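Taking it in order: structure first as structure tokens, then the write-up.
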Amino acid sequence: MKKYDFVIVGTGGGGGAIAWMLAKAGYRVCVLEQGPDLYDSIRTKAANFDNRSHDEYRFRLERPDPKRRPRGDYVTFRQTIDEKAKPLGKLGGWTGTAVGGGSLLWGAWAIRPLPIDFRLNSFFKSTGRDNALKEAGYHVEDWSIAYEELKPYFTVAEILFAVCGDRKQLERNISNADWFRNLSGNPNIGTEKEFSLNLPFASPPYPETPVGALFKWISENDEFPGGMVPLPTALVHPWSGGFSPIPALEKAFVQGDFPNDFGLDSQNPLWSQQVRDACNMCGFCGEYLCWGGRNPKSGSASTFFAEITSGDYDVEIFPNSKAYEISYDHRLRRATGVKYLDVSNPNSPIPKSVLGDNVIVSCGAIQSTRLLLMSGGRSGLSNSNGLLGRFATFHLFGFGARCILPEDFQGFLHGEFGHTGTLTSFDHYLLHDQESGSWHKGGIITSIAKKNPMENLVNQASKVRGLDLLQKAEQHARTVELRFTGDDLPQYSTRVDLDPYYVDEFGLPVARVTRRLGAEEENVFRLAEPRVREMFLPLQKLGVDLDDPNQFSFRRAEVDLFGDHQMGTCRMGEDPRTSVVDRFCRLHEVPNVFVVDTSFMPTGLGVNPMITTVANALRVGSWIINQDKKGGSLTAKE
Amino acid sequence: MTIADFKVILIQLAENLIPINDWLESKQFNPHELNWWADTDISSSTLTLPWRSNSTESLFHTLLVEDFLHFISSTSQQETTIVELSSLATNPLEKCPIGNVETWRKTKGLEEDPSFAGTSAFNFSVDSSGNALQRELFYESVLPVFQEALDNTISDSVPYSQVISDLWDDKVSGWSSNTIKSSIFLKQFLADLIIVSFRSGVKDDPIFMLWRRLIPIECGEHRRSGNKFGEAQIQLAVTQIQELIFSRLKA
């Protein structure tokens, strides 16, 4: 049986990025993906590209068969350990089950976190809140790596993902925020020098849409000291004529904004001559597969795997291959490969296995944990401290406010243009409690174009009918929304483990999520509600009555609504007693196993995690390649 | 009887659940008045929306139900896996690749007799016990009951609309308790009608594709398979909303 240098499980942002690096460096790589390869038709037969294979309606709405759902991982959910978890029927725990993983389904919001995200515990200590948070059940930790270490990898990730944006506007937005100015003496906040970059994004901001124009006007009020700025977006700029990352990579390299120790030889071209099509603003990328011709939406399938499959690399990609165990040699304390089911015909799954010197796990924080728990001995792989699956964070999905505009705005918003995000602001990345003087972690706040009114109608069909139903559709198309990417802090009790009572269609235990929002999340909701209302005040001039709940509503997060932003289950740290992976994302106890998805994050971020995941995977890939070049062992402790 | 044999009562029901004519009469927004889409694919030569020029509600609902029937027949094969998955309820470990799974589960601290987690997923058709059911079987079992309920309940004093309202609220006493609840039937049918309204259907010429987009177009959206928008269209739309904002401020 062929033995690979690396077996990679999962093809999202993390798995894709590291697969590309390792393939490019000449390693023998095997990639396992539990879903199909939907991009195959784009890569090989562009003229015959059948966009029905990317049909959001079929995938998201009809869903008569969980096997065809790209979000088909079964998850059970409970709020406390006293409850028996129940299968989560709605969207919870979704992943992108196809080559490209979660990066197929993300909203393309490509925004870096801030230095404070890497030292949140130090910040809370400096403000005297650390003990109160501990008493409330939170385990906030600083990251083992600093923002500075990831910074050049963010640059590479943004370029490869064709991110559109205005760097200077974005940086001004941060430095003009009240919290940034008020806390400027706190070393944990970071300085402008720390986060600023003299390198523009590879493309100008994504075009302004009507929803963006409305929020630009709204953001001119006092509640937005920094205003709102174009959201960095990982789509090939609509009227660019196409995108190749080569010029931007060369510029970054010349300017020195490139990783010093990037494992790949900078003398050789990093990227092929392939040009990706420009986005045609079709509006089907919000959280679906992109319909826009050849690859305008950035994800690992349209970038890393497009590169891998176009070159002469020793890589094999096995779609429809669902990993269920990392083979483990107890004597050597090493992983030796991966066992998986060939589910090409899911009614007749075939057990198979691959051998590898190293295993890289990147299935999302829920499914990676599940795989590690199903492997090894009684408690799973590298879990003698019992922390595997603990400290999960999911962001505060659903958190924000929405407003229905007067009827004369009908037909003016055009939610169908481009992606959902339009403008964003760091103004409420930290929230201040005037009464207690305490600071709380918020997140970016982003204006949203509403998704398909027909999708909304399908969901409404269980509640209303007749004229009420059709009027809901009308209202949906003139609804605007501000959404917090709210950071939920890690709690010991928020965890992923194996459900003792439920199995999936292959008889394997499903992941169980235990989560309850804590006191700190309540604080954040309490502080955010009046502010969000104030942000919408200008709409009163347009005839909106903010006191009418039919026109304006504040929304708290839904505890069982989580998906793309699943983080933290394999906490990174230097101390094996308190963490699961080290700073290079290796399992402490099985160092030839790496975890490169969002699982490693000790705290969640106030931004969408995809670009951070990609940057971190590039960092880990660089380290692996460099370590090998130096003749060092990947499994030795540094 | 087949589902197709109920076409007439399904069209009547569709008219009740999605009353297009009433909506068009009551709504203020008229897509014709927003001259944004002149250069889109809808038509560069004619800006006539057929439902705006003719009173053709029945065409909309007839098309919808024909598409619905096509949808049921064309997807039933795909849905057979639901039934297969349901069989896992009795033997959920049947396909487990792990050797000696009972011992393995015990080692991992898992229960000996687990259940299959998949059947309660959202938006399945379900039978009277709440189990996932192929759409075709769902409708074949419930439509005769619906027909019977209409026959037995409609009278001079209880009009059709009242019967549907009562069925929506599960208030029709004659509805058999041994079958799918009337509310579940109506809600599933309504959801399926909406789903088919944005799919390809039996008749796929441009006019019928336009009819299928009636609801989003009347909401002011032009989202569909094959969408593409260019710089001039986006900028025109931005200008229009800016002008609207300023006109509201002046007013």
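Only this structure's heavy atoms are used, side chains among them; waters, hydrogens and symmetry mates stay out. Chain naming here is simple, since letters A, B, ... match the order of the sequence lines and numbering starts at 1 in each. Given the structure is predicted, the values throughout are model-derived calculations rather than measurements.
- With a threshold of 4.5 angstrom between heavy atoms, Tyr501(A) approaches chain B through its backbone and through its side chain.
- Looking at Lys463(A), only its backbone comes within 4.5 Å of chain B, counting heavy atoms on both sides.
- Distance alone, capped at 3.5 Å, places no donor-acceptor pair between the Glu416(A) side chain and the Glu221(B) backbone.
- When heavy atoms are compared at a cutoff of 4.5 Å, Ser197(B) approaches chain A solely by way of its side chain, counted from C-beta outward.
- For chain B, the nearby parts of Leu457(A) are the backbone and the side chain; heavy atoms of each come within less than 4.5 Å.
- The contact between Glu407(A) and chain B is made entirely by side chain atoms (from C-beta outward), counting heavy-atom distances below 4.5 Å.
- Looking at Asp468(A), there are no atoms closer than 4.5 Å to chain B (heavy atoms on both sides), in backbone or side chain.
- Only the side chain of Pro349(A) comes within contact range of chain B, with at least one heavy atom under 4.5 Å from a heavy atom of that chain.
- Between chain A and the options Glu218(B), Gln235(B), Lys187(B), heavy-atom pairs under 4.5 Å are most frequent for Lys187(B).
- At a threshold of 4.5 Å between non-hydrogen side-chain atoms, the residues Lys27(B) and Glu474(A) count as touching.
- Glu94(B) places no side-chain N or O within 3.5 Å of a backbone atom of Gly507(A) that could act as its donor or acceptor partner.
- Listed options Pro216(B), Cys219(B), Gly220(B) were ranked by heavy-atom pairs under 4.5 angstrom with chain A; first place goes to Cys219(B).
- Contacts between Leu373(A) and chain B at a heavy-atom distance below 4.5 Å involve the backbone alone (N, CA, C, O).
- Looking at Ile245(B) and Lys541(A), their side chains never come closer than 4.5 Å, going by heavy atoms from C-beta outward.
- Of the two parts of Leu469(A), only the side chain, counted from C-beta on, holds a non-hydrogen atom closer than 4.5 Å to a non-hydrogen atom of chain B.
- Side chains of Leu249(B) and Leu542(A) form a contact here, defined as non-hydrogen atoms less than 4.5 Å apart.
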Determine, step by step, whether Trp239(A) and Ile234(B) satisfy the side chain to side chain contact (heavy atoms under 4.5 Å, CB included) criterion, reporting the C-alpha distance in whole Å, the side-chain angles of both residues, the deciding distance to 0.1 Å, and the verdict. CA-CA 11 Å; Trp239(A) 26 89; Ile234(B) 306 295; 4.0 Å; yes
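- Residue contact with chain B, scored on non-hydrogen atoms closer than 4.5 Å, involves the backbone and the side chain of Gln471(A) alike.
- Interface remark: Lys472(A) contributes no atoms to any contact with chain B (heavy atom separation under 4.5 Å).
- By the 6.0 Å contact criterion, NZ on Lys171(B) is open, its count of non-hydrogen atoms from other residues, nucleotides or ligands being 12 or less.
- Taking 4.5 Å as the limit, some side-chain heavy atom of Val503(A) sits within range of a side-chain heavy atom of Arg105(B).
- When all heavy atoms are compared, the tightest approach of Leu467(A) to Pro19(B) is N-CG, 3.6 Å.
- When Pro92(B), Pro114(B), Cys96(B) are each tested for a side chain to side chain contact (heavy atoms under 4.5 Å, CB included) with Leu508(A), only one passes: Cys96(B).
- Looking at heavy atoms from C-beta onward, Ile194(B) lies out of side-chain contact with Gln460(A) at the 4.5 angstrom threshold.
- For Val211(A), no part lies under 4.5 angstrom from a heavy atom of chain B.
- Contacts of Ser26(B) with chain A are made by side-chain atoms alone, with heavy-atom separations under 4.5 Å and no backbone atom involved.
- Lys95(B) contributes no side-chain N or O that, together with a main-chain N or O of Glu505(A), makes up a donor-acceptor pair within less than 3.5 Å.
- Between Ile164(B) and Arg465(A), the closest side-chain pair of non-hydrogen atoms falls below 4.5 Å.
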